[in-house]
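Worksheet: the structure to be examined is printed underneath.
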Amino acid sequence: MQTNWRITNGRIIDPANGVDQTGDLLIIGGRIASAGEEAPPDTAEIDAAGCWVVPGLTDMHVHLREPGQEYKEDILSGAQAAASGGFTSIACMPNTEPVNDCAAVTAMIRARAAQAAVRVYPVGAVSKGSEGHQLAEFGELRAAGAVAVTDDGRPVEHSQLMRRALEYAGDFDLVVISHSEDRALASGVMNEGVVSTQLGLKGIPTAAESIMVYREIALAEFTGQRVHIAHVSAAASIDLIRAAKARGVRVTAETAPHYFTLTDEAVIGYDTNAKMNPPLRSAADREAVRAALADGTLDAIATDHAPHSILEKETEFDTAANGIIGLETAVPLALALVRDGVLDPGRVVALMAVNPAAILGLEGGNLAPGAVADVTIIDPEREFVYTADQVVSKSRNTPFLGWRLKGRAVLTMVGGEVRYRLPG
Amino acid sequence: MATGYSFLHRHILGIEQFSREDISHILATADSFKEISARPIKKVPTLRGHTIINLFFEPSTRTRLSFEIAAKRMSADTFNIAASTSSTTKGETLIDTARNISAMHPDIIIIRHSYSGAPHLLSRYVKAAVINAGDGAHEHPSQGLLDLMTVLEHKGRLDGLKIAIIGDIAHSRVAHSDIIGFTRMGSEVHIYGPSTLVPKGIDQLGAIVSPSLEEAVRDADVVMTLRIQRERQNDPLLPSLREYAQRFGISREILALARPDAVVMHPGPVNRGVELNPEVADGPQSVILDQVTNGVAVRMALLYLVMGNS
């Protein structure tokens, strides 16, 4: 396998090292070459003129559905979708069947991941079975390869359990990822506001999220431990995170491309591909999410890639499953924020590569000499219409089908090996 | 009617889809059909040979009967399906049912469903015209139209009126259709109810949220009340119906604040002594039974118009 490359004439954007310049990137033996190193004779050339050359992207929040729901996605198909979207690392949530709450499931995922197109990092459960009663064995999960813990999809209701999870996770240097949702308030199916009233659908208030975000901040502050807030959707949550960061609380947070791209108006017509949890919010919330990506309140863009088959999606809105796939559309949707003047390219790379890797303690996220050669090449001008027949994931549940998108990963390299190359 | 008007709607999913012109046309058509129900032989051949299916996923007495009578008075063949949503898992049943029914070539499917948007989903799977007979908390267009027709009959106009709608606005598809219909025709809709039952953003949809029951009813031309349920799906909306009746019910004293010629309406069934004091419900200003009568005429008009466009 070829692992010696010279990527020429690209715009190398490596915010971890303060680099943003056009030039060549030399990779030798799957690692970024040091200054003065000689290219071996078999070094192949990749012309990256007009493209960005960035550290491989990390999606810290995906659902790969294996084990248990392989008809929606599996580890290999999800990893293939990730590679085609420009990701070199993905972290998969534990709400599989069975739940990844023990070393055996984590080890099974790691074993399958050895054949995958990108690096796959399992995230373990906070509680056994994600049932919210007993702590999962974090030490064993960590030893088996888990990089974080969460009960994503089944938020931890019990505040004492969350407190203990934060404390105990710290012993194993695991970050706890919180799906912040007060379930008693969140009994609806879309954002509560004028659109839910117009459509006659039961609403979920933004307070259902922000109440739990505040609980996590309060617990992280009291215990001195780290917490990471998943898929932030509401302006009120962002205000809480911003204030917490300002006083030194160890909180990080992510949002998903749909929250900075769409609003709850996407639900009009009862489109079940606009149903997710947390729900798409108002235009004011979307603006707050965008501002928070720019000012550092939000640390990461993660897709919450959530494959579902038509069995779960082609149905009445009330009964449809939550979630959309996102790995293949994250890059163009993030680049739209650059064109809109919200983010500069370095900030996009920080949000999609540097920070998520740092939060999870993964290698990668930078192009320093000697670093592992996880590299993504993005053509920011490449336009395409995202159609159902192009979808790499096993599932097609996305509101972005038929959208004309701009900006695309054209090459994804993991450890110096080319794992995806856009034809043409 | 303006020359050159034609009714262009294949499905009737909500009043939202209708222009002012559409509504006037439907009401005029309904008015012309009303006389049929007063004949000794209450049948015209207009829809002979047409198949109409009442697909009701929620219990209903008056709406289903009203649609069935409307269809039969126009000589259509009608069939009633009382489907259960309890056995429905993830909607396969609705789509499967839709495909099966469609394979038998009906002309019109009238659907009632507890989920908002179910008629929209159905309309994507069938060739027949779909009429929404009430979906979740979304819309109940034929009820909204019969309310418009009843007010028009009693007031002679629909513009410039003050309509007071009192009660559970949040869960009422009737309220939603009425708010859209009356505001589109030029009336002002004032709503009032316990804050637990007033949905977010309703003011942005054209309704005026009243600060008190008295303000809502004062000088109103129409006082419409809505059926109350104390609790829904473990959502504690009200402490008791007793307190509701005291604080939010329409008594004679409250009604006296409305215009002397105000009419009292209710989509039924009435919780007597809760939303309406019995002497108001049965009093001279009540037009509740006129609403029921007009329901048949409006539904005849809707069946006729969607068939005329097929």
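Convention: sequence-line order gives letters A, B, ...; per-chain numbering from 1. The shown structure was predicted, so the numbers you read here are calculated from the model rather than taken from an experiment.
With ring centers used as reference points, A:Y270 lies under 6.0 Å from B:H138. Between B:H120 and A:F317, the ring centre distance reaches or exceeds 6.0 Å.
Side chains of A:S393 and A:E328: a donor-acceptor N/O pair is absent below 3.5 angstrom, by distance only. In summary, the side chains of A:Q69 and A:H63 do not present any donor paired with an acceptor at a separation below 3.5 Å, with no hydrogens or angles considered. One side chain, B:R299 or B:S66, offers a donor N or O that lies under 3.5 Å from an acceptor on the other. When only modelled atom types and interatomic distance are considered, A:H231 and A:D152 share a side-chain donor-acceptor pair under 3.5 Å. Between A:E312 and A:S309, the side chains place a donor N or O and an acceptor N or O closer than 3.5 Å (distance only, hydrogens not considered). A donor atom on one side chain and an acceptor atom on the other are not found under 3.5 Å apart for B:H266 and B:R227.
B:S177 has its side chain out of reach of B:Q143: every pair of non-hydrogen atoms, C-beta onward, lies at least 4.5 Å apart. Under the 4.5 Å side-chain criterion, counting only non-hydrogen atoms from C-beta, A:V391 is in contact with A:L401.
The contact list for residues 185-194 of chain A toward chain B, using heavy atoms and a distance under 4.5 Å, reads A:E192, A:G193, A:V194 by residue number. Residues from residues 183-205 of chain B that place a non-hydrogen atom less than 4.5 Å from a non-hydrogen atom of chain A comprise B:P199, B:K200, B:G201, B:I202, B:Q204, B:L205, given in numerical order.
Counting heavy-atom pairs under 4.5 Å between each of A:L199, A:V195, A:L201 and chain B puts A:L199 at the top.
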